[in-house]
Amino acid sequence: MNATSDVPEGGDLETHLVVTDGVRDWEPDDLATVNTATATDPTWLRLTAAVNNLLNQGK
């Protein structure tokens, strides 16, 4: 479904966003655990994986 709508006044933007790579929708919990991405994945997904890897190096 291709559609847009305004976030209600006083609404939380994060709860209204749909994050997708064109194949699947990503929930916040999914994004917190992603640690691999390929060159064909969207830039935002590759950056998320890189940041998660950096944050997990110290653990």
Side-chain angles (χ1 to χ4, degrees):
M1 177 170 135
N2 294 329
T4 62
S5 61
D6 291 334
V7 174
E9 188 172 329
D12 179 23
L13 177 62
E14 295 295 321
T15 62
H16 294 275
L17 293 177
V18 176
V19 181
T20 183
D21 61 9
V23 177
R24 70 174 272 199
D25 293 344
W26 290 82
E27 297 297 327
D29 290 341
D30 299 335
L31 291 173
T33 60
V34 69
N35 60 12
T36 60
T38 66
T40 59
D41 285 325
T43 302
W44 64 264
L45 187 56
R46 290 183 280 156
L47 289 170
T48 299
V51 168
N52 287 347
N53 283 325
L54 286 172
L55 292 174
N56 289 324
Q57 282 182 356
K59 291 183 179 179

Among residues at least two apart in sequence or on other chains, which ones pass side chain to side chain contact (heavy atoms under 4.5 Å, CB included) with V34? W26, L45, T48, N52
Listed by chain and number, what are the salt bridge (Lys or Arg N to Asp or Glu O under 4.0 Å) partners of D21, not counting sequence neighbours? none
Considering residues at least two apart in sequence or located in another chain, which fulfil the side-chain hydrogen bond (donor to acceptor under 3.5 Å, both in side chains) criterion with T38? T40, D41
Greater than 12 external heavy atoms within 6.0 Å of D6's CG: no
Is the backbone N or O of N35 less than 3.5 Å from a side-chain atom of N53, with the two atoms forming a donor-acceptor pair by type?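 Present.
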